Amino acid sequence: MSEVKITLPDGSSRNYPAGVTGMDIAKSISEGLERVALSIEVGGEIWDLSRPINKDAPIRIFTWNDKGGKYTFWHSSAHVFAEALEALYPGVKFGIGPPIENGFYYDVDLGDKEFGEDDLAKVEAKMVELARKNSLFLRKDVSKAAALDFFKKKGDPYKVELLQDLTDGSITFYEQGNFTDLCRGPHIPNTGFIKAVKLLNVAGAYWRGDEKNKMLTRVYGITFPKQKELEEYLHMLEEAKKRDHRKLGKELELFAFSEKVGMGLPLWLPKGTVLRERLEQFMRKAQIKAGYDPVVTPHIGSKALYVTSGHYEKYGKDSFQPIHTPDEGEEFLLKPMNCPHHCEIYKVKPRSYKDLPIRLAEFGTVYRYEQSGELHGLTRVRGFTQDDAHIFCRPDQVKEEFVKVIDLVLHVFNSLGFENYTAQVSLRDPADKKKYIGEDALWDRAEREIQEAADERHLKTVAVKGEAAFYGPKLDFMVKDALGRNWQLGTIQVDYQLPERFELEYVGSDNQKHRPVMIHRAPFGSLERFIAVLIEHCAGNFPIWLSPEQVAVLPISERFNQYAGQVIQELKNQDIRGYLDDRDEKIGRKIRDAEVKKVPYMLIVGEKEVAENRVAVRKHGAGDQGSVGLDDFVKQFLKEFSMPV
RNA sequence: GCCGUUGUAGCUCAGUGGUAGAGCACUUCCUUGGUAAGGAAGAGGUCGUGAGUUCAAUCCUCAUCAACGGCUCCA
């Protein structure tokens with residue numbers, strides 16, 4: 001009998017009889033592993049533990065502690081969900097049901113049946129009941145004809161459609177209990193592993209992600225091998241909600257929305273404005289240092305400007321509609337981006353190759369008519385301010401300039417403690433080129449330059465097709481919010497198209513006219529979105545140089561209000577932001593209120609402090625720090641908490 | 001824009017087919033208190049908006065607006 005050589009993750013290898021299964025291997029390693037094994041990675045593919053292995057391969061056994069194990073677990077859970085749903089609502093049609101980062105979903109067509117939150121509990125109960133049966137997941141190879149026949153008979157048009165695209169010979173079914181699904185696998189050994197089930201919510205989702213298709217019902221759920229883990233997960237979700245920037249924005253009085261002003265149009269309250277202006281100052285300084293020239297351009301521009309840029313053709317009908325004037329036929333658009341304005345600044349005079357690069361920076365407020373359902377707190381709004389800049393440079397300067405921008409973005413992220421970002425290279429969708437303008441050769445060049453620049457700074461990048469802007473590829477810096485949703489913050493884009501459309505030129509050393517290249521870039525992305533993600537990251541406990549209120553001065557009683565007034569005045573003289581709480585309340589109360597407002601420092605003043613010109617320092621979340629002279633406090637504070645450079 | 005859920009005081013939320021309630025916040029008074037809520041009184045709501053059913057609607061029906069969870073989109 002032949003043998004196969006199995007290499008374990010630690011590099012050691014063992015021989016097993018051909019046809020050995022993952023379960024056999026797990027058992028041979030330890031009984032404990034056999035009990036918790038969920039799936040096995042064989043030569044880079046994830047398999048069922050029951051599938052025979054017939055050739056030499058490196059393997060890795062997945063348990064609940066591995067991402068791969070969780071995916072298998074949740075994939076199988078999606079099947080149990082489908083089984084439960086079919087048991088309760090016969091005739092339901094199924095779309096797809098994949099595992100996701102946290103749990104799984106299944107797209108289903110329930111016909112005319114309305115499926116709401118009430119139904120979730122019923123299905124959950126049924127899932128638990130079915131899981132307890134310990135049904136095995138059975139893999140079956142089927143011919144395409146047989147598979148089509150099965151789903152046609154069952155009346156499941158979505159599966160039939162999916163099957164059309166599959167090649168005969170590669171099709172497998174999985175069966176557990178009374179449910180059979182078209183599925184590539186893999187699955188956990190049996191349903192018994194699933195002990196805790198929570199169906200989280202119901203949503204609509206277009207079949208195959210296409211707006212023109214029918215909308216199916218998508219049910220999101222998550223399962224665990226232990227009830228306790230489910231409880232911990234739900235608790236974690238609750239905690240994450242406490243950091244939601246919309247909740248904290250209201251509680252800390254940073255920003256607000258008004259139905260009367262209009263949806264997606266944030267109102268910045270005094271405290272939020274301090275935060276925002278601090279960030280602006282920080283960026284202005286960094287940009288001056290990096291050789292940018294600040295400019296200011298108007299909030300509207302004539303329609304012709306956007307016709308030239310190509311934005312009108314692409315977004316015109318889906319935008320805020322043109323502003324008309326008393327003059328017949330005169331139309332202006334609310335500025336949806338700053339680039340065309342900056343192009344016109346470039347054009348105010350002839351440019352020499354010696355002038356380049358020219359870096360024009362503007363905190364430009366723009367307005368975009370986002371679809372109503374897409375608005376989301378401060379992360380997706382209809383009026384927002386970009387920390388925008390456009391670099392006009394020679395083709396030979398593109399990479400160097402791009403790398404400098406990467407450095408600026410990383411400086412910003414480091415200064416604000418964003419460590420977990422993803423650098424995403426956003427490319428064209430090669431299958432849908434009509435969505436983009438410009439020649440292939442220029443696109444290829446731009447895409448190559450971006451990748452090279454990212455490599456030069458050793459960024460770990462993820463390339464995603466179809467995410468490019470319509471005029472060029474991008475390097476996007478993605479950061480997650482409290483609930484794990486990804487948002488694009490910083491973005492850098494190489495653009496050969498707009499210089500073409502605006503006929504931008506410079507005179508080269510050869511005395512000939514040449515076309516510059518444009519780099520669009522915004523390290524924050526937008527102040528609104530950046531602040532939203534910042535709030536969620538620090539849970540409202542901002543870096544002190546950003547805090548709207550850095551210090552609260554709290555007199556023990558009214559008798560010390562005068563001294564407290566002197567203290568707050570001295571702080572203000574030194575550009576330290578703070579407030580005096582001279583309410584007729586006990587000190588415990590004033591402290592509690594300052595703690596709830598997340599004020600980083602509290603200075604408590606009473607009899608002892610007045611006598612010696614001192615302050616009793618209390619730190620947010622850390623309690624009493626003892627007393628120091630006011631001057632020393634100020635000196636130390638300024639030293640420690642000034643704006644990073 | 002699409003699917004689902006929600007909308008009651010400044011905030012968090014109860015509640016009922018017979019024109020509304022709590023806690024916190026707010027105002028006034030008492031209290032002058034040393035490191036996370038002192039006490040009392042008071043004021044505050046067209047029950048998102050519009051229509052319909054009803055003797056009567058905050059509650060039932062429909063429409064509409066907004067928010068929330070997704071889908072699609074994101075210059």
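Values below: all heavy atoms of this structure, side chains included; hydrogens, waters and symmetry mates excluded. These figures come from a predicted structure and were not determined experimentally. Just so it is clear: chains get the letters A, B, ... in the order the sequence lines come, proteins before strands, and each one is counted from 1.
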Asks: Any base atoms under 4.0 Å from A:R485, or only sugar-phosphate, or nothing? Heavy atoms, all strands.
Replies: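 If one applies the 4.0 Å heavy-atom cut-off, A:R485 turns out to touch the sugar-phosphate alone, with no base involved.
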Asks: Please report the distance, rounded to the nearest Å, between CD in A:Q493 and C1' in B:C74.
Replies: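 Rounded to whole Å, this separation is 12 Å.
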Asks: What is the pairing partner of B:U35, taking Watson-Crick or G-U wobble pairs with both distances under 3.5 Å in any strand?
Replies: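 Check on B:U35: unpaired, no WC or wobble geometry under 3.5 Å.
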Asks: If you look at every strand shown and take non-hydrogen atoms under 4.0 Å, does A:G209 touch a base, only sugar-phosphate, or nothing?
Replies: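 If one applies the 4.0 Å heavy-atom cut-off, A:G209 turns out to touch the sugar-phosphate alone, with no base involved.
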Asks: Heavy atoms only, 4.0 Å cut-off, all strands: where does A:E251 land among base, sugar-phosphate and nothing?
Replies: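 A:E251: no heavy atom of the nucleic acid under 4.0 Å.
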Asks: Nearest whole Å is fine: how far is B:U12 C1' from A:K241 NZ?
Replies: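 Taking atom C1' of B:U12 as the reference, NZ of A:K241 is at 15 Å.
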Asks: When you measure from the centre of the six-membered ring of A:Y369, is the NZ or CZ of A:R382 under 6.0 Å away and within 45° of the axis?
Replies: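 Judged by the rule, A:R382 and A:Y369 form a cation-pi pair.
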Asks: Any strand counts, and the cut-off is 3.5 Å on both contacts for Watson-Crick or G-U wobble. Which nucleotide pairs with B:C11?
Replies: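 B:C11 is paired, partner B:G23.
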Asks: Within the 4.0 Å heavy-atom criterion, would you say A:G262 contacts the bases, only the backbone, or no part of the nucleic acid?
Replies: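 Result for A:G262 = nothing.
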Asks: Between A:K597 and A:Y579, is NZ or CZ placed under 6.0 angstrom from the six-membered ring centre and within 45° of the ring axis?
Replies: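 Yes, A:K597 sits over the ring of A:Y579.
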Asks: If each of A:Q488 and A:L216 is mapped to the nucleotide of RNA chain B with the nearest heavy atom, which maps nearer the 5' terminus, i.e. the 5' end?
Replies: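 So the residue in question is A:L216.
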Asks: Considering only NZ, NE, NH1 and NH2 on the basic side and carboxylate oxygens on the acidic side, decide whether A:K242 and A:E238 come within less than 4.0 Å.
Replies: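 No.
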